[in-house]
A.B. asks: 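Mind looking over this structure? Questions follow.
Both ligands and their constituent atoms are indexed starting at 1 by order of listing. Atoms considered below: every heavy atom in the structure, side chains included; atoms not considered: hydrogens, waters and symmetry mates. Each residue takes its place number in the sequence, starting with 1. Bear in mind the structure is a predicted one, so any value in this text is a computation, not a measurement.
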Amino acid sequence: MEILRTVESVREWVRRQRAQGRAIHFVPTMGYFHEGHLSLMRRAKADGGAVIVSIFVNPLQFGPHEDYARYPRDFERDRQMAESVGVDAIFYPEVAEMYPEGFQTEVRVKELSKPLCGKSRPGHFEGVATVVLKLFNIVTPDRAYFGMKDYQQLRIIQQLVRDMNLPVEIVPCPIVREPDGLAMSSRNVYLSPEERAAATVLYRSLQWAQEQVAAGERNAHALREGVYQRIAAEPLARIDYVEVVDAETLQPVERIERPTLIAVAAFFGTARLIDNTLVSP
Ligand code: PAF
């Protein structure tokens, strides 16, 4: 497995892979891997081609009071985990390699960036769209793999690819959960044992909503209220939002008539966790 620190070395690696007739399969990450990341890498590997993973904690997507400085980082651990699933190369740039002196361009996917996490994290999705477009231009992947836990991010990147005619296929991958249902996240390390136990309320509430829809509930307001009350009943949870939105536009819906996303965000201590589930009539 090769460790590439510069844009030029990635371009050179990509040229070598293509010369051997290999497709480029790309998994963009911020590192501190868990099973969710590994599932993306395994999928990229199983699809054939050369697999490249980027590890870059992107300062542009963190607000001034967010966790950029303390975001967990452990390159050596990540390197071993990536190697264990057969990754061919890691792109591990310094901040100055991605944002050299004088960098000033920003990418904004206007409407999809406004609701849900966009409301409570102003500028976040501009940071994501900007770095993902840069990474796509550097890596020039045939396919790129994104987890559905960050569903809004996935929709924004799909729209970016469509709007900018980027020649990459976006492959959405299912949420990977702990045995008790908690969605895997690098931020779960911030949780105390009590908060960790309390955080399962997110999955349990979404499961409840799934069951309601399966039993015939179509009223989005009733679903939202039910999920909200369940999370609010957990004393260690501080809700950021509970929303029932169209799975494509991310705009609120009144009834479950098309694929619909139930999305939640809540703080447990200092950790802000998100989760979601897709429901269909
Ligand atoms: O999902 C993430 O880890 C990040 O938002 C991404 C897509 C790697 C961009 O920094």
Side-chain angles (χ1 to χ4, degrees), residues 4 7 10 24-41 43-44 51-63 66-75 77-78 81-82 87 89-99 103 105-109 112-113 116-118 120-139 141 143-161 164 166 168-176 183-190 263 265 271-276:
L4 310 167
V7 171
V10 175
I24 307 297
H25 292 174
F26 178 39
V27 183
T29 81
M30 298 206 299
Y32 211 70
F33 295 155
H34 49 66
E35 261 310 308
H37 295 111
L38 296 185
S39 73
L40 303 179
M41 297 176 207
R43 173 72 199 275
V51 178
I52 178 165
V53 173
S54 63
I55 299 179
F56 181 61
V57 185
N58 172 34
L60 277 198
Q61 69 189 72
F62 290 81
E66 292 187 345
D67 55 345
Y68 175 69
R70 69 174 185 133
Y71 194 86
R73 296 159 168 90
D74 188 341
F75 179 73
R77 173 176 169 277
D78 287 348
M81 289 171 82
V87 166
I90 296 181
F91 177 37
Y92 179 45
E94 299 277 0
V95 173
E97 183 69 9
M98 292 296 281
Y99 302 119
F103 182 89
T105 301
E106 189 178 270
V107 180
R108 181 156 59 99
V109 179
L112 287 172
S113 299
L116 308 176
C117 291
S120 34
R121 302 188 68 189
H124 169 67
F125 288 118
E126 285 77 2
V128 170
T130 303
V131 81
V132 169
L133 181 58
K134 274 180 73 79
L135 289 167
F136 282 177
N137 281 332
I138 295 164
V139 176
R143 288 184 181 174
Y145 297 77
F146 290 88
M148 291 175 71
K149 181 170 75 69
D150 298 293
Y151 187 91
Q152 185 173 15
Q153 167 173 285
L154 168 68
R155 280 294 302 118
I156 285 169
I157 290 161
Q158 287 171 329
Q159 189 70 40
L160 173 73
V161 164
M164 294 290 112
L166 303 177
V168 53
E169 180 191 340
I170 302 301
V171 183
C173 297
I175 298 176
V176 178
M184 291 204 182
S185 163
S186 304
R187 290 191 165 98
N188 290 350
V189 296
Y190 300 151
R272 183 179 178 281
L273 304 184
I274 57 173
D275 202 348
N276 68 73

A.B. asks: For a salt bridge (Lys or Arg N to Asp or Glu O under 4.0 Å) with R187, tell me which candidate from D275, D150, D67 qualifies.
C.D. replies: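 With R187 as partner, salt bridge (Lys or Arg N to Asp or Glu O under 4.0 Å) holds for just one option, D67.
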A.B. asks: Apply ring pair (Phe, Tyr, Trp, His ring centres under 6.0 Å) to Y32 and list each qualifying residue two or more places apart in sequence or on a separate chain.
C.D. replies: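 Partners of Y32 by the ring pair (Phe, Tyr, Trp, His ring centres under 6.0 Å) criterion come out as none, since no residue qualifies.
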A.B. asks: Just going by heavy-atom distances, which of Q61, M30, H37 is nearest to atom 10 (O) of ligand 1?
C.D. replies: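 Among Q61, M30, H37, the closest heavy atom to atom 10 (O) of ligand 1 belongs to Q61.
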A.B. asks: Hey, does the Lys NZ or Arg CZ of R43 hover above the aromatic six-ring of F26, less than 6.0 Å from the centre and inside 45° of the axis?
C.D. replies: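 R43 over F26 ring: no.
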A.B. asks: Show me, pair by pair, the donor-acceptor contacts under 3.5 angstrom made by side chains of residues 90-97, not counting sequence neighbours?
C.D. replies:
from : atom 1 : to : atom 2 : distance (Å)
E97  : OE2    : V7 : N      : 2.8

A.B. asks: Where does T29 meet ligand 1, judged by heavy-atom distances below 4.0 Å: at the side chain, the backbone, both, or neither?
C.D. replies: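 T29 to ligand 1: backbone contact only, side chain stays beyond 4.0 Å.
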A.B. asks: Heavy-atom contacts with V131 under 4.0 Å: which atoms of ligand 1 show up? List them by number with element.
C.D. replies: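 Reading through ligand 1 atom by atom, the close ones are 9 (C), 10 (O).
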A.B. asks: Short list, please: which atoms of ligand 1 are under 4.0 Å from a heavy atom of Q153?
C.D. replies: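 Counting from 1, the qualifying ligand atoms are 1 (O), 2 (C), 4 (C), 5 (O), 7 (C).
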